[in-house]
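Below you'll find the structure, written out as structure tokens, and then a few comments.
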Amino acid sequence: MAELVPDAGFLKNRKLKNALLQHKALSRNGLSERLFGLLFSGLVYPQIWEDPDVDMAGMELSPGHSIVCIGSGGCNMLAYLSRHPSSIDVVDLNPHHIALNRLKLAAFRSLPGHSDIVRFLAMENVSGNVEAFDRVIAQNLDATSRTYWQKRRWNGQRRIEVFERNIYRTGLLGRFIAVGHLLARLHGVQLTELANAKSLREQRHVFDTRIAPLFDKTLIKWLTSRKSSLFGLGIPPQQYDELASIATDGSIASVLRQRLEKLACHFPLKDNYFAWQAFMRRYPTGDEGSLPTYLKAENHAAIRENVDRVQVHHATFTELLASKPADSVDRYVLLDAQDWMSDQQLNDLWTEISRTAAGGARVIFRTAAEKSIIEGRLSPALRAQWTYLEERSHALNLQDRSAIYGGFHIYVRSA
């Protein structure tokens, strides 16, 4: 039989078709990135979603350490102050996060007692928080942040008034959680049912019988197949691809189900305020459970004592480090920012980390997938300066109550 050979016209058309498909894919990715950038320009995280107790264990944080960390919602920075570090430099490019970090610091500096802090930062539907801001907090804020919180929104209310309702239901993450609750209700499930569980066994029963089946629903599978569906979690297209790479059935819904299972079932509800925020959209009160580390009574005095050791910078991590002298930083907290970076950006960042790292310095970060994002991407010269504590990282990742990340990683400056 004669061999079938495609003619030149066929080959030309096929190349054109492939080029068009590639162009469409690039265009879709570009649109996704621009949409994410637009959404990320507002308030994203009213509360940070990394467990500070895991952070401090991984850093082996001790009095006198100097820290550089990413700001986000500011909860972790305040928790670190309970360990009496010598200084904390907070960096963030989002002006809404900058204003929130500075407000929380001013609240600790200004309000008279622990109960006042809890009332301002942890309770919902209370009166008096705006008065507290006007009377004592505003005078301890820089002019830019004060103007931010006094600015009126489209409805005529000042931004600070959200603290008399529930700030944790706002921002990109708060709205994402609200949509999740709406989707569950459309399928006949109230996610707040988890609050009735009195044991890990009951938590497991609620998850297995009520929540887990949602991820098999056609609508939810269809929605989560789109990269934009996770923008509300602060997950850009690059991180979505990382998550998709570990999906066992080709659907990211299975990965989300696994992460939500850890959040709902692996820790007692009374000890996991992350679960309260996800399923009840508030912090626990009274005997329901414990508050975040920075809002616990036993840490209040230390945090208030050390609050002036923090400086908040509108800058990138690399930019801030470039302004610091060599051998001057003990601990680095990168959150999940490296998931977004190109190889060049990673190497630029770690060049500055390696230059500024004091002896025994530690770097901690999280990743959407399980593997460390820097392996195979840093230059050999940079990578040789750091030791990866893989077993310790894995052990602490299992303890992370926020449950939304695949990996927690610790690197120590080599001798």
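The first residue in the sequence is number 1, and the count goes up from there. All figures in this text were calculated on a predicted structure; none of them were measured in a lab.
- The shortest side-chain heavy-atom distance between Leu269 and Trp276 falls under the 4.5 Å cut-off.
- Checked by atom type and distance alone, the side chain of Ser402 pairs as donor or acceptor with a backbone atom of Trp49 at under 3.5 Å.
- Put simply, the side chain of Asn299 gets close to the backbone of Thr293: a donor and an acceptor are under 3.5 Å apart.
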Next item on the list: In sequence, state the C-alpha distance, the side-chain angles, and the governing distance for Arg165 and Gln157, and then conclude on side chain to side chain donor-acceptor pair (under 3.5 Å).
Entry: CA-CA 12 Å; Arg165 299 189 300 276; Gln157 295 180 339; 3.1 Å; yes
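- Ring-centre distance between Phe365 and Tyr332: not below the 6.0 Å cut-off.
- The side chain to side chain contact (heavy atoms under 4.5 Å, CB included) test with Val363 is passed by exactly one of Val329, Val68, Ile353: Ile353.
- Between the side chain of Arg204 and the backbone N or O of Ser199 there is no donor-acceptor pair closer than 3.5 Å.
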Next item on the list: Show your reasoning for whether side chain to side chain contact (heavy atoms under 4.5 Å, CB included) applies to His187 and Ile220.
Entry: CA-CA 10 Å; His187 290 90; Ile220 291 176; 4.3 Å; yes
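- Looking at heavy atoms from C-beta onward, Met123 lies out of side-chain contact with Asn129 at the 4.5 angstrom threshold.
- Considering Ile374, Ile373, Asn397 as possible partners of Thr367, the one that fulfils the side chain to side chain contact (heavy atoms under 4.5 Å, CB included) test is Ile373.
- Side-chain contact check for Gln338 versus Trp350: some heavy-atom pair is nearer than 4.5 Å.
- Side-chain contact check for Thr318 and Asp348: no donor-acceptor pair (N or O, by modelled atom type) lies under 3.5 Å.
- Side-chain N or O atoms of Gln385 include none that pairs as donor or acceptor with a backbone N or O of Arg413 at under 3.5 Å.
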Margin query: For a side chain to side chain contact (heavy atoms under 4.5 Å, CB included) check, start with the C-alpha distance between Trp149 and Phe133, then their side-chain angles and the critical distance, and finish with the verdict.
Written below: CA-CA 9 Å; Trp149 289 108; Phe133 173 84; 3.8 Å; yes
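- Judged by distance alone, the side chain of Asn76 and the main-chain N or O of Glu50 form a donor-acceptor pair under 3.5 Å.
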Note to self: Evaluate Tyr388 against His409 for side chain to side chain donor-acceptor pair (under 3.5 Å), listing each step before the verdict.
What the structure shows: CA-CA 8 Å; Tyr388 181 30; His409 310 280; 2.7 Å; yes
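- Using a 4.5 Å heavy-atom threshold, the side chains of Arg135 and Ser110 count as separate.
- Although no hydrogens or angles enter the test, the distance criterion places a donor-acceptor pair under 3.5 Å between the side chain of Arg304 and the main chain of Leu111.
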Next item on the list: Any chance you could lay out the ring-ring contact (aromatic ring centres under 6.0 Å, His included) test for Phe279 and His181, step after step, and finish with the verdict?
Entry: CA-CA 8 Å; Phe279 296 105; His181 279 251; 7.5 Å; no
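- Side chain of Asn272 to backbone of Pro268: no donor-acceptor contact under 3.5 angstrom is found.
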Next item on the list: Step by step, work out the side chain to side chain donor-acceptor pair (under 3.5 Å) result for Ser66 and Asp330.
Entry: CA-CA 5 Å; Ser66 61; Asp330 298 301; 3.2 Å; yes
Next item on the list: Begin from the C-alpha positions of Gln47 and Tyr273 and carry the test side chain to side chain donor-acceptor pair (under 3.5 Å) through to its verdict.
Entry: CA-CA 11 Å; Gln47 170 193 291; Tyr273 60 87; over 6 Å; no
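- Side-chain atoms of Glu319 do not come within 3.5 Å of backbone N or O of Ala315 as any donor-acceptor pair.
- Identified under the side chain to side chain donor-acceptor pair (under 3.5 Å) test for residues 81-90, with sequence neighbours left out: His84-Asn306, Asp89-His313, Asp89-Lys324.
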Notebook entry, point to check: Could you walk me through whether Lys217 and Leu183 pass the side chain to side chain contact (heavy atoms under 4.5 Å, CB included) check?
Noted result: CA-CA 10 Å; Lys217 303 298 183 182; Leu183 285 172; over 6 Å; no
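- Panel note: side chain Arg331, backbone His65; no donor-acceptor pair is recorded below 3.5 Å.
- Atom CG of Asp287 has 12 or fewer heavy atoms from other residues, nucleotides or ligands within 6.0 Å.
- Enclosure of atom NE2 in His394 is not indicated, since only 12 or fewer non-hydrogen atoms of other residues, nucleotides or ligands lie within 6.0 angstrom.
- Contact of the Leu173 side chain with the Leu43 side chain is not registered, since no non-hydrogen atoms from C-beta on lie closer than 4.5 Å.
- Between His96 and Tyr148, the ring planes are perpendicular. Angles over 60° get that label, and only those under 30° would be called parallel.
- The two residues Arg281 and Asn166 come nearest to each other via the heavy atoms O-ND2, 3.1 Å.
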Next item on the list: Decide yes or no on side chain to side chain contact (heavy atoms under 4.5 Å, CB included) for Tyr80 and Met56, but give the supporting numbers first.
Entry: CA-CA 7 Å; Tyr80 304 156; Met56 292 186 288; 3.8 Å; yes
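- Among residue pairs with one or both ends in residues 384-402, those qualifying as salt bridge (charged side-chain N to carboxylate O under 4.0 Å, His left out) are Asp51-Arg401, Asp53-Arg401, Arg366-Asp400; sequence neighbours excluded.
- For the pair Asp92 (side chain) and Ser72 (backbone), a donor-acceptor distance under 3.5 Å is present.
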